[in-house]
Participant: 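Structure provided below as structure tokens; questions to follow.
As the structure is a prediction and not an experimental result, all values here were calculated from the model.
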Amino acid sequence: MLRVRVYADVDHRARSLHWERGFAAWLERANESVRGPLGVTFELESARAWDRRGSDGPLEPVLGALESVDAGEDVDLVVGLVAAPVSFSGAQHELGFARVLGRHCVLRGLGGELPAAARQRLEVAVLLHEWAHTLGALHVRDGRGWMSPKYDADQTGFDARTLALLGTGLRHLPAARVALESQKAWARELRGAVEAMTGPAWEGPERDFLLQWTERVRASGVVLGPEGTPRALTPLERQRLAEVIALEKSGRPEVAAEALEPLAVRHPQDERVQLLACYLAVHLTPGLDATRERCERAIARFPDEPSLRMNVALLHLHAGRFDEARDSLVAARRNLEARAVVEPAQWADLAGLFLRAHCVTWAEETAARAPGLAASSVVMEQAARLRRQVALPPARPEAGTFPLPSLEPAREGDLVRAVSDVEALLHAGSSGPARERIAALSQDFPVSPSVALLQCELHLFQGRLGSARTACERVLAFREDAVQAHLLLGVLATNTRAHARARKHLERVIALEPSRTEAWHLLAREYRGTRQLRTLQARYREQFARDLP
């Protein structure tokens, strides 16, 4: 059963009072001709009005208009009816038009000057001629069958080779329009049928086109359309894509991903669809191997798209693969730099990901490409805070400051994470592993303030107060704003009752990082019994909107 949807334009409806009933009878007469040799019948799915006018001129633009109105994905054939020509012509392209391997055809009405029986025979011949084109049938220049380029009243059917070709299409369609393996199987059989059509009756550009199309399908990794190129989104599919985007923006990503999946499967070469599919998968299922594979396939197809690289970087960050994330982000930066125009928000997004990968200098440099954006300002602020926290040298030391040891931006992430790992070991009481890790870091990052900071923490943990003080003061010689070094020196001074020194360092911690509540609590102990305590309590209340414990 082949489902047919028909549209009648304004002029055709004006000249055919009961056009729906007439077309249904037209299909029934066609069924009498194909039921036996091909074992199929046409069924009218629906008859619809078509808001277009104009019956003169070539039919190919009319076919394009019909395709834009209805992609016909849910039926086997879409027919457009237009009014009869001013004068009768036996040329098939004047009576009807179809795109070879397509899903649509346009048919002209036939004038009343023809006898009823002749008109009905011609209607069947034109309909089946154009339908056969959609299955790949080509013109046969012997004048005896329905695939002749010119109609003749004596034509009564399809020749044997055309019937074989039509049978091939009927076996594989409609799956061959949307599924790669089905299309490849159809193309193999179709090629065999076309190659068997030798001789002057079948020679011409149509045969060459079909052979080229089947060869393209054989070599393609995606489903191809009638033009031999990846299938474009139909109007209905474009509408579905817009609905998916609206669902995601409304905070319903799960529903959006489910609605997008059929489009993603059917259109692997559509960049916008694949970008959105990767994005949704990354945010919904970042831990799945399938998500990573999907995004990497998209990168292979669209290597110049930076957002894909950024999404893959997110996957690596989620899995703790920081080196891979860094490499993806560097590639994304190259993609952006190669573009003539870049939205500032893209630079800001990339800067935020660089910071998540602890590539502090690259985060700052990237954020600087989008000045004035709130997201860029946040990155710059957080990067500066991270530098102070781990005593990371500034990318560009200020004039007149103590020269700092250089550090390649690509290695910053390793150092930042190492500082965090060692501090976690110390807080867990694992001084032995911490000491070994610090020794290895001192070889990898000689004279680094960050390593000196870790040595200060280790010495303080071991009770070696003098060594701790020396190490932390060395940190401050490199970076006076190293907030953790000030805190450790404040703790050390508190424990040795060096009150003035403790107050100086703890006040500096609060000035640099007001959120460090441990500094407030230590300072309150230092100011106990003094007038400064009441002032400190007022400052705390203003900062945190609650009383200092």
Participant: Using modelled atom types and a 3.5 Å cut-off, is there a donor and acceptor pairing between side-chain atoms of Glu130 and backbone atoms of Leu107?
Facilitator: no
Participant: Test salt bridge (Lys or Arg N to Asp or Glu O under 4.0 Å) on Arg411 and Asp414; report intermediate values, then the result.
Facilitator: CA-CA 5 Å; Arg411 302 192 69 198; Asp414 296 336; 5.0 Å; no
Participant: Taking the side chain from Asp9 and the backbone from Trp50, do they hold a donor-acceptor pair closer than 3.5 Å?
Facilitator: no
Participant: CE of Met380 to OG1 of Thr366: how many Å apart, nearest 0.5 Å?
Facilitator: 10.0 Å
Participant: Before you tell me yes or no, could you show the steps for Leu101 and Leu210 under side-chain contact (heavy atoms from CB on, under 4.5 Å), namely the whole-Å CA-CA distance, both residues' side-chain angles and the distance that decides it to 0.1 Å?
Facilitator: CA-CA 9 Å; Leu101 304 179; Leu210 287 170; 4.0 Å; yes
Participant: Tell me whether the count of non-hydrogen atoms from other residues, nucleotides or ligands lying under 6.0 Å of CZ in Arg48 goes above 12.
Facilitator: yes
Participant: Regarding Arg5 and Asp74, does a basic nitrogen lie under 4.0 Å from an acidic carboxylate oxygen?
Facilitator: yes
Participant: Can you list every disulfide (SG to SG under 2.5 Å) pair that touches residues 339-375, not counting sequence neighbours?
Facilitator: none
Participant: Do the charged groups of Arg141 and Glu203 touch, with an N to O distance under 4.0 Å?
Facilitator: no
Participant: When you compare the side chain of His358 with that of Arg417, does any pair of heavy atoms fall below 4.5 Å?
Facilitator: yes
Participant: Quick one: do Glu324 and Val312 satisfy side-chain contact (heavy atoms from CB on, under 4.5 Å)? Show the steps, please.
Facilitator: CA-CA 9 Å; Glu324 290 91 338; Val312 169; over 6 Å; no
Participant: Would Leu81 and Tyr7 satisfy side-chain contact (heavy atoms from CB on, under 4.5 Å), going step by step from the backbone distance to the final call?
Facilitator: CA-CA 6 Å; Leu81 300 179; Tyr7 287 81; over 6 Å; no
Participant: Keeping Thr291 on the side-chain end and Thr285 on the backbone end, is there a donor-acceptor pair under 3.5 Å?
Facilitator: yes
Participant: Going by the rule side chain to side chain donor-acceptor pair (under 3.5 Å), which residues pair with Glu305 if we only count those two or more places apart in sequence or in a different chain?
Facilitator: Ser307, Arg339
Participant: At what distance, to the nearest 0.5 angstrom, does CD of Glu123 lie from CZ of Phe23?
Facilitator: 9.5 Å
Participant: Do other residues, nucleotides or ligands put more than 12 heavy atoms under 6.0 Å from Glu258 CD?
Facilitator: no
Participant: Tell me whether Arg321 at atom CZ has more than 12 heavy atoms from other residues, nucleotides or ligands lying less than 6.0 Å away.
Facilitator: yes
Participant: Is it the case that Arg369 places NZ or CZ above or below the six-membered ring of Trp347, under 6.0 angstrom from the centre and within 45 degrees of the axis?
Facilitator: yes
Participant: Please examine the side chains of Gln346 and Pro306, heavy atoms only from C-beta on, and report whether any two atoms are closer than 4.5 Å.
Facilitator: yes
Participant: Would you find more than 12 non-hydrogen atoms of other residues, nucleotides or ligands less than 6.0 Å from Glu343 atom CD?
Facilitator: no
Participant: Heavy atoms, side chains only, cut-off 4.5 Å: are Met310 and Leu314 in contact?
Facilitator: no
Participant: Any sub-3.5 Å donor-acceptor pair from Glu412's side-chain atoms to Val360's backbone N or O?
Facilitator: yes
Participant: Scan for side chain to side chain donor-acceptor pair (under 3.5 Å) pairs involving residues 158-181, sequence neighbours excluded, and state none if there are none.
Facilitator: Asp159-Thr162, Thr168-Arg171, Arg171-Glu189, His172-Glu189
Participant: Are more than 12 heavy atoms, taken from residues, nucleotides or ligands other than Arg252, located less than 6.0 Å from that residue's CZ atom?
Facilitator: no
Participant: Does any non-hydrogen side-chain atom of Leu355 lie less than 4.5 Å from one of Gln382?
Facilitator: yes
Participant: With rounding to the nearest 0.5 angstrom, report the CG to CG distance, Leu122 to Leu127.
Facilitator: 11.0 Å
Participant: Between His316 and Phe322, is the ring centre distance below 6.0 Å?
Facilitator: no
Participant: The criterion is side chain to side chain donor-acceptor pair (under 3.5 Å); which residues satisfy it with Arg35, sequence neighbours excluded?
Facilitator: none
Participant: Find out whether Pro226 and Val100 are in side-chain contact, i.e. whether some heavy atom of one side chain is under 4.5 Å from a heavy atom of the other.
Facilitator: no
Participant: Should the heavy atoms of other residues, nucleotides or ligands under 6.0 Å from CD of Glu381 be counted, would the total exceed 12?
Facilitator: no
Participant: Are the side chain of Arg240 and the backbone of Leu263 linked by a donor-acceptor contact shorter than 3.5 Å?
Facilitator: no
Participant: Could you please spell out the steps behind the salt bridge (Lys or Arg N to Asp or Glu O under 4.0 Å) verdict for Glu32 and Arg29?
Facilitator: CA-CA 5 Å; Glu32 294 173 5; Arg29 291 192 296 273; over 6 Å; no
Participant: Can you see whether Glu248 engages His283 through a side-chain donor-acceptor pair at a distance of less than 3.5 angstrom?
Facilitator: no
Participant: Hey, what do you get for CZ (Phe42) to CD (Glu28), rounding to the nearest 0.5 Å?
Facilitator: 11.0 Å
Participant: Please test Ile245 against Arg272 for side-chain contact (heavy atoms from CB on, under 4.5 Å), starting from the C-alpha separation and ending with a verdict.
Facilitator: CA-CA 11 Å; Ile245 293 171; Arg272 194 178 184 194; 3.3 Å; yes
Participant: Verify the ring-centre separation between Trp186 and Trp213: is it less than 6.0 angstrom?
Facilitator: yes
Participant: Any donor-acceptor pair under 3.5 Å linking the side chain of Ser16 with the backbone of His18?
Facilitator: no
Participant: Not counting sequence neighbours, which residues clear side chain to side chain donor-acceptor pair (under 3.5 Å) with His133? List them please.
Facilitator: His129, His139
Participant: Which residue pairs satisfy the disulfide (SG to SG under 2.5 Å) criterion with at least one member in residues 230-336, sequence neighbours excluded?
Facilitator: Cys278-Cys295
Participant: Would you call Val217 and Val223 a side-chain contact if the rule is heavy atoms closer than 4.5 Å?
Facilitator: no
Participant: Taking atom CG of Asp51 and atom CZ of Arg13, what is their separation to the nearest 0.5 Å?
Facilitator: 7.5 Å
Participant: Under a 4.5 Å cut-off applied to non-hydrogen side-chain atoms, are Glu67 and Arg103 in contact?
Facilitator: no
Participant: Is it true that atom CZ of Arg191 has more than 12 heavy atoms of other residues, nucleotides or ligands lying nearer than 6.0 Å?
Facilitator: yes
Participant: Passes salt bridge (Lys or Arg N to Asp or Glu O under 4.0 Å), Glu215 versus Arg218? Steps please.
Facilitator: CA-CA 5 Å; Glu215 180 62 22; Arg218 185 195 66 79; 2.7 Å; yes
Participant: Would Glu261 and Arg294 count as a salt bridge (Lys or Arg N to Asp or Glu O under 4.0 Å) if you check the C-alpha gap in whole Å, the side-chain angles of each, and the deciding distance to 0.1 Å?
Facilitator: CA-CA 12 Å; Glu261 189 60 23; Arg294 159 169 274 173; 2.8 Å; yes
Participant: I'd like to know if Arg326 and Asp323 make a salt bridge, using a cut-off of under 4.0 Å between side-chain N and carboxylate O.
Facilitator: yes
Participant: Heavy atoms, side chains only, cut-off 4.5 Å: are Arg52 and Val62 in contact?
Facilitator: yes
Participant: What's the spacing between Leu329 CG and Phe354 CZ if we round to 0.5 Å?
Facilitator: 5.0 Å
Participant: Can you label the angle between the Trp131 ring and the Phe158 ring as parallel, tilted or perpendicular, going by 30° and 60°?
Facilitator: tilted
